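Everything on this sheet refers to the single structure shown next.
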Amino acid sequence: MAEEVFSQRTTTCGSLTKADNGAKVVLNGWVHRDRNHGALHFINLRDRYGITQVVVDDDASKELQAVANELHMEYCIAVTGVVRLRPDSMVNPEMTTGEVEVKAERIEILSKCAPLPFQIDDGNEPREDLRLKYRYLDLRTQGMQKRMKLRHDFIFACRKYLTSRDFYEIETPTMIKSTPEGARDFLVPSRIYPGKFYALPQSPQLFKQILMVGGMDKYFQIARCYRDEDARGDRQLEFTQLDLEMSFVKRDDVLSLMEDLFGSVFKEVMDYDLPARWRRLSYHDALNTYGCDKPDLRFDLPLSDVNEIAKKSSFATFKDIVSNGGYVKAICAPKSETVDFSRKFITSLEDAAKIYGAQGLAWIKVGENNTFTGGVSKFFAGLEDELASMMDAKEGDMILFVAHQDWKKCCASLSAVRTKLGKDLNLIRKSFEFCWIVDFPLFEYNEEESHWEAAHHMFSMPQAEYLDTLESDPGSVKGDLYDLVLNGYEVASGSIRIHDVELQKRIFRICNFDDETAEERFGFLLNSFRYGAPPHGGIAPGVDRMIMIMAEESSIHEVIAFPKNTAGISPMDDSPSLVDEKQLDDLHLIIKYPESKT
RNA sequence: GAGGGUGUAGCGAAGCUGGUUAUCGCGACGGCCUGUCACGCCGUAGAUCGCGGGUUCGAGUCCCGUCACUCUCGCCA
């Protein structure tokens, strides 16, 4: 190895204070800004820890002046010099190191920087694909540095807390057997066994259950999960879960552990005090009251059932839908100082509703003494006081209605209106509002394939009172399932699991897996249950989503070091990519291209 | 699979109902500058307006197609 190839730092760029006055130091870092006054140079030197001002004085040697003149932004340099106090009038209170500067005696250029494809930290954020292509530059920005720290702090705090509660961190395989339900699997072809494939796990579900059978009692893992589905702002094809599982627990043990965990983590990481216990809503109540199973509780605006009064109105559309067993729901938009309930605004709300299946959005403006104007007001003649009182509507408010045959579509459409109102009317409080959604239905009917399937997954325990009616009335069965919702995002999902072979088989059968298929697919799980399986349950918070919300971002890309774009491509390393014929041969694969491609 | 939005110099943007040489900020390059901290000042270069076709005397602008990115629906136990 070479001897000393560069002057190694004695401290970082965020640490010097006036207590260090007179100290000889070496700093390593990047040229953040370079202010050249001819004979006088100011260089803001940046590393992960902060920024320190380096000065090249007019008394500097010719050599030092020459090097200083050569510098450009993002050059990686080593500065040897002496810490000194800035003149009083030159102190920069904006910088933590603003009371001092380093008078350079020597500057070494460790690595030059090519002309930048975009500027770092100048406020003009480039398009995301460019940021992703040059992620190593993007990561140097203050925002990314801050979010990577938040991510580390969050994960470390989780590890620490769970360890204190007797959890073991255990890794499970990332090449496993493909299972037939849920999302599409990513497959890994086997070289040794032609035609056979591993799958990348969609979650460590079965393995963590088997860890419980193995007597590990309490387990967690920062687990990478893979699902081959289209991306969104809050999800991509590979993501990270804080996966955990516990033995000999009931639902409330898991819920209170999570409350304690995040209470501790939010305090430690953000100095934020969460309530000790969080609101619980049944799945049905969440849909009925907020229209969706992941309500944003940073603002209220509940939905109301107005079937009864709709029936009494003279509006044929509502009456028809109600008499055919459909639903009419309404929401009251509070009077706003900043937003005018114009035709244009109402249309924008209607557009939001239509995305989720609403045919239209009916509206009424409430005036003085419950006088109704506009929209469908004339059909509610004589019902003004009743409706206004039911909706708690006051002068200046607007009542909005969605009517639909299908309860879920009615809820979802009006929920979209609620969300838009929250944003547009500026009703969203700045806070972290957790809530539990519990009592999910265990099964949903798949119309296309004409059979029942698991609403979450097939390993969740039905609630005891439904054990006798699983087969006769699957649709009404509620499970010991729970979702954790934060600010309108689903951030965790879990359940108490089945640990009994016969019960598990009954669930498989209802989901259209005969015993033979179930044994073939899930035999290893069923087998483990034959050897003294403990009651167990768990949950898996999405790490990316949690940190995204904590960072007040709207895309998980902002909290993942190297994310894929929405098309599943990584612009930096250009994956996915073609491979050599030789590699395909080794894997016994022949590519069958779609017709449109070459 | 479907819909919306965006695409103008290395980056971020402006460019109105079509009208001369496409504008601004940052950056790059050259020069000046002793207390800046988004330093300042003077100057220079840099754009087939995503791509293809059409309408028109004339297209960055209008129309059709296409590609890329992005948001959303479907999908995501």
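Below, chains carry the letters A, B, ... as their sequence lines are ordered, and counting in each starts from 1. Bear in mind that the values here come from a model prediction, so they are computed numbers and not experimental data.
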Practice prompt. Tell which nucleotide pairs with B:G43, taking only Watson-Crick or G-U wobble pairs whose two distances are both under 3.5 angstrom.
Written response: B:C29

Worksheet item: Between the side-chain atoms of A:Q119 and the base atoms of B:G10, is any donor-acceptor pair under 3.5 Å?
Response: yes

Worksheet item: Which pair of heavy atoms, one from A:C292 and one from A:L287, lies closest together, and at what distance?
Response: C-CD1, 3.8 Å

Worksheet item: Taking any strand in view, what nucleotide pairs with B:C16 in a Watson-Crick or G-U wobble way, both distances under 3.5 Å?
Response: none

Item to complete: Using a cut-off of strictly less than 4.0 Å between a heavy atom of the residue and any atom of RNA chain B, enumerate the qualifying residues of residues 36-50 of chain A by number.
Response: A:N36, A:H37, A:G38, A:A39, A:L40, A:F42, A:N44

Practice prompt. Nearest whole angstrom, please: distance from the P of B:C75 to the CD of A:E449.
Written response: 12 Å

Worksheet item: Rounded to the nearest 0.5 Å, how far apart are CG of A:L237 and CZ of A:F186?
Response: 4.0 Å

Practice prompt. Any ring-ring contact (aromatic ring centres under 6.0 Å, His included) involving residues 220-242 of chain A? Give me the pairs, sequence neighbours left out, ordered by first then second residue.
Written response: none

Discussion item. Categorize A:P115 for me: base, sugar-phosphate, or nothing, with a 4.0 angstrom heavy-atom threshold over every strand shown.
Written reply: nothing

Discussion item. Counting only heavy atoms and a strict 4.0 angstrom limit, can you tell me which residues of residues 229-246 of chain A come near RNA chain B?
Written reply: A:E229, A:D230, A:R232, A:G233, A:R235

Worksheet item: Below 4.0 angstrom from OP1 or OP2 of B:C37, is there any side-chain N or O of A:N92?
Response: no

Worksheet item: Between A:F42 and A:H37, is the ring centre distance below 6.0 Å?
Response: yes

Worksheet item: With A:R147, which of A:I560, A:I547, A:V559 fulfils side chain to side chain contact (heavy atoms under 4.5 Å, CB included)?
Response: A:V559

Worksheet, complete the sentence: Whole-Å distance, A:M548 CE to B:C71 P, equals 11 Å

Fill in: P gap between B:U48 and B:G12, integer Å
15 Å

Worksheet entry | Pairwise P distance for B:A68 and B:C26, with rounding to whole Å | 35 Å

Response to the item:
Between A:I569 and A:D57, the residue closer to the 5' end of RNA chain B by nearest nucleotide is A:D57

Fill in: Partners meeting ring pair (Phe, Tyr, Trp, His ring centres under 6.0 Å) with A:F440 (sequence neighbours left out)
A:Y283, A:H456

Practice prompt. Would you mind telling me which residue lines up with the more 5' stretch of RNA chain B, A:M73 or A:H457, judged by nearest nucleotide?
Written response: A:M73

Worksheet item: Tell me: CD of A:E74 to C1' of B:G10, nearest whole Å?
Response: 15 Å

Worksheet item: In whole angstrom, what separates A:K423's NZ from B:C71's C1'?
Response: 11 Å

Discussion item. Short of 4.0 Å, heavy atom to strand atom, which residues of residues 199-209 of chain A count as contacting RNA chain B?
Written reply: A:S203

Discussion item. Does the structure show a Watson-Crick or G-U wobble partner for B:A22, both distances under 3.5 Å? Name it, or say none.
Written reply: none

Fill in: Salt bridge A:D230-A:R184, side-chain N to carboxylate O under 4.0 Å
no

Fill in: Neighbour count >12 (heavy atoms, 6.0 Å) for atom CG, A:D88
no

Discussion item. Can you see if the side chain of A:R35 gets near the phosphate of B:U36 - specifically, an N or O under 4.0 Å from OP1 or OP2?
Written reply: no

Worksheet item: How long is the line joining NZ of A:K564 and P of B:A68, in whole Å?
Response: 19 Å

Practice prompt. Look at A:D483 together with A:K294 and state whether they make a salt bridge at an N to O cut-off of under 4.0 Å.
Written response: no

Response to the item:
Under a 4.0 Å heavy-atom cutoff, the residues of residues 134-147 of chain A touching RNA chain B are none

